[in-house]
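Worksheet for the structure shown next.
Proteins come first, then strands; the chains are lettered A, B, ... in the order of their sequence lines, and each starts at number 1. When reading the values below, keep in mind they use all heavy atoms of this one structure, side chains included, and skip hydrogens, waters and symmetry mates.
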Protein chains: 2
Amino acid sequence: MIDVESLKKLALLGAMHRPVKSSSNEFAEYLSTSPQTAARRLQALEKEALISRKIVPSGQWIIITKNGTRELQEEYLEYQNIFSREREERLLIGSVITGLGEGQYYTALDGYKTQFRERLGFEPFPGTLNIKLDNQSLEVRKKMVGGIKIKGFAAQNRTFGGGKCFNAKIQEIGGAVILPDRTHYPEDIIEVIAPVNLREHLSLRDGSEVQIELC
Amino acid sequence: MIDVESLKKLALLGAMHRPVKSSSNEFAEYLSTSPQTAARRLQALEKEALISRKIVPSGQWIIITKNGTRELQEEYLEYQNIFSREREERLLIGSVITGLGEGQYYTALDGYKTQFRERLGFEPFPGTLNIKLDNQSLEVRKKMVGGIKIKGFAAQNRTFGGGKCFNAKIQEIGGAVILPDRTHYPEDIIEVIAPVNLREHLSLRDGSEVQIELC
DNA sequence: ATTACTAAAAGACGAGTAA
DNA sequence: TTTACTCGTCTTTTAGTAA
């Protein structure tokens, strides 16, 4: 485990851009710890090539290396991911189409139903709403990562594949986008489930435009 | 020390916006650690009111609380400070006001004076310059994180609180902004110290506009 | 399958010491 | 003053167990 805490403190002191002068005693106060611990942490960071030091009689000059900067940038990226999820990057827009009719069969299977109930918090209405995404939303869809994993299983002498779910709101109705690991559909078609019959509830027909907000 | 690592991982799973389902086993894989450690960390986060959990037979539903979100935001702010230090984001603009007159007393106390000398590199003129920030600068002030810690202490049968300092230049004069941990002032009022009498030196009166550049 | 507890092993911490 | 050791202590981790 790398000591990102100490590295971050050094960066806040400006050590990413120029060498900063400090001593273990001084740095210990920044970290609210003992000089020994501060010294050991600096040694460790140096050993991992995250900082580079020059020891002088009155302390040490410290600068963060390329490696260290990269480490901090990755950390920063994670926080950006957490906090700056622009609405446009969470919005899927498309039009309702009629699918292959498989959704009704699959969503009714206990193997899936129990997982949906457990992991999404609702039991889906049997059937999926198929949406053909517009070009811009296709890009959003391609960037969808993580999600809630649904496991495959075996039943009735065949296997049923797994997939990923993403909590979403379909015109204010709480539901989920499901992305099967294997599917017959092209990439610009997604399937949506919800606790209610979306077609009826939202008076949708083929061609109706819908907005789905990932959350 | 709060376990920001685990909290961040939960946020990346989306637990800031809705409850996410996980188990200690599953979460352990995210953290690359053992299920016991994962479970203990979740317990600790719950104890500190950073997350809230609901244990179910198949795992647990986890959501990050207001407290937890605040904690992550502060962490994020630090990284923003590291990577985007635009001049506008380091500039505090406001007007001189007359404070409660406490500054003169506090800055003269040995308990603070020695810390200022050691950690800031100068001994402050007794007295603080109080600045009422404009709206834009208030946003800058809210994002000020880290800083140089000044410890509280006990003397004369009472306690004196700690705070944080930020090196700054007040119209080319080297000084510091001090943010006490506890203060009677509202958030848009800051106190500035310097080795000289700023009011005299810069010919300031109440209402004079000053620019303070954090550095 | 879970969570939570216990106890041994591993690791981090900080006082003391030397250079 | 420094940094960098050693060594005893304390904390954290993890395997094992119970519910």
Side-chain angles (χ1 to χ4, degrees), chain A residues 1-10 13 15 19-48 50-63 110-121 148-155 162, chain B residues 1-10 13 15 19-48 50-63 114-115 117-119 121 151:
Chain A
M1 206 70 239
I2 89 143
D3 179 12
V4 64
E5 186 63 31
S6 303
L7 195 59
K8 191 185 65 182
K9 271 284 168 4
L10 287 169
L13 292 172
V20 293
K21 176 81 180 299
S22 191
S23 71
S24 297
N25 267 297
E26 203 179 315
F27 193 54
E29 295 191 25
Y30 283 115
L31 296 178
S32 314
T33 183
S34 69
Q36 291 92 333
T37 296
R40 195 159 8 80
R41 294 216 183 150
L42 290 173
Q43 285 171 44
L45 288 176
E46 186 183 34
K47 206 168 182 178
E48 295 179 278
L50 300 170
I51 65 170
S52 136
R53 304 190 290 165
K54 189 172 188 178
I55 314 269
V56 292
S58 65
Q60 40 196 309
W61 286 96
I62 306 163
I63 189 165
D110 272 347
Y112 289 127
K113 225 163 54 174
T114 52
Q115 289 192 75
F116 287 141
R117 199 187 321 115
E118 288 254 331
R119 319 233 27 212
L120 297 177
I148 296 160
K149 186 156 195 169
I150 297 295
K151 288 177 191 163
F153 57 95
Chain B
M1 204 71 238
I2 91 143
D3 180 13
V4 63
E5 186 63 32
S6 303
L7 196 60
K8 189 185 68 184
K9 273 283 166 5
L10 287 170
L13 292 172
V20 295
K21 176 79 182 300
S22 190
S23 72
S24 295
N25 267 297
E26 202 179 315
F27 193 55
E29 293 190 26
Y30 284 113
L31 295 178
S32 313
T33 184
S34 68
Q36 291 90 334
T37 295
R40 193 167 12 80
R41 294 214 182 152
L42 290 173
Q43 283 170 45
L45 288 176
E46 186 183 35
K47 207 169 181 179
E48 295 178 278
L50 300 170
I51 65 169
S52 135
R53 310 189 286 165
K54 189 172 188 178
I55 313 269
V56 292
S58 65
Q60 42 196 306
W61 286 96
I62 305 163
I63 189 164
T114 53
Q115 288 192 75
R117 199 187 321 115
E118 292 228 338
R119 318 234 26 212
K151 288 179 191 162

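- Proximity of B/Q43 to the phosphate of C/dT3: no side-chain N or O atom is located under 4.0 Å from OP1 or OP2.
- Counting only distance, with no hydrogens or angles, the side chain of B/T37 and the backbone of B/T33 share no donor-acceptor pair below 3.5 Å.
- Checked against D/dT3, C/dA4, C/dC13, the side chain of A/R40 finds its nearest nucleotide in C/dC13.
- Whole-Å rounding puts the A/Q60 CD to D/dT1 P distance at 17 Å.
- For the pair B/S6/B/L45, a side-chain contact is recorded, criterion being any heavy-atom separation below 4.5 Å from C-beta on.
- A donor-acceptor pair is defined here as one N or O able to donate and one able to accept, closer than 3.5 Å; no such pair exists between the side chain of B/E48 and the backbone of B/I2.
- Rounding to whole angstrom units, CZ of residue A/F153 and P of C/dA1 are separated by 19 Å.
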* Given side-chain contact (heavy atoms from CB on, under 4.5 Å), test B/W61 with B/V20 step by step and report yes or no. => CA-CA 5 Å; B/W61 286 96; B/V20 295; 5.7 Å; no

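- Note on A/S24: a side-chain N or O is less than 4.0 Å away from OP1 or OP2 of D/dT3.
- Across all strands shown, B/T37 has heavy atoms under 4.0 Å from base atoms, whether or not it also approaches the sugar-phosphate.
- In this structure the side chain of A/E26 never reaches within 4.5 angstrom of the side chain of A/K21, judged on heavy atoms.
- Comparing atom distances between the A/Q36 side chain and each of C/dA4, D/dT14, C/dA15 picks out C/dA15 as nearest.
- With values rounded to the nearest 0.5 angstrom, B/D3 atom CG is found 9.0 Å from B/L50 atom CG.
- If you measure from atom NZ of A/K47 to atom P of D/dT3, you get 18 Å, rounded to the nearest angstrom.
- Taking only side-chain nitrogens and oxygens, A/S34 never comes nearer than 4.0 Å to OP1 or OP2 of C/dA15.
- With A/Q60 contributing its side chain and A/V56 its backbone, the two residues share no donor-acceptor pair below 3.5 Å.
- Atoms CD1 (A/I51) and C1' (D/dT3) sit 13 Å apart, rounded to a whole Å.
- When the C1' atom of C/dA1 is taken as reference, atom CZ of A/R119 falls 13 Å away, rounded to whole Å.
- For the pair A/M1 CE and D/dT13 C1', the interatomic distance rounds to 14 Å; values are reported in whole Å.
- Residues B/R41 and A/R53 each lie close to DNA chain D; by heavy-atom proximity, the contact nearer the 5' end of the strand is made by A/R53.
- Nucleotide C/dA4 holds its P atom 9 Å from the CG atom of B/L42, rounded to whole Å.
- Here B/N25 reaches the OP1 or OP2 of C/dT2: one of its side-chain N or O atoms lies under 4.0 Å away.
- Rounded to whole Å, the distance from CD on A/E26 to C1' on D/dT3 is 15 Å.
- When the C1' atoms of four end pairs are superposed on the next four at each end of the helix from C/dT2-D/dA19 to C/dA19-D/dT2, using five pairs per end, the two resulting axes differ in direction by 30°, to 10°.
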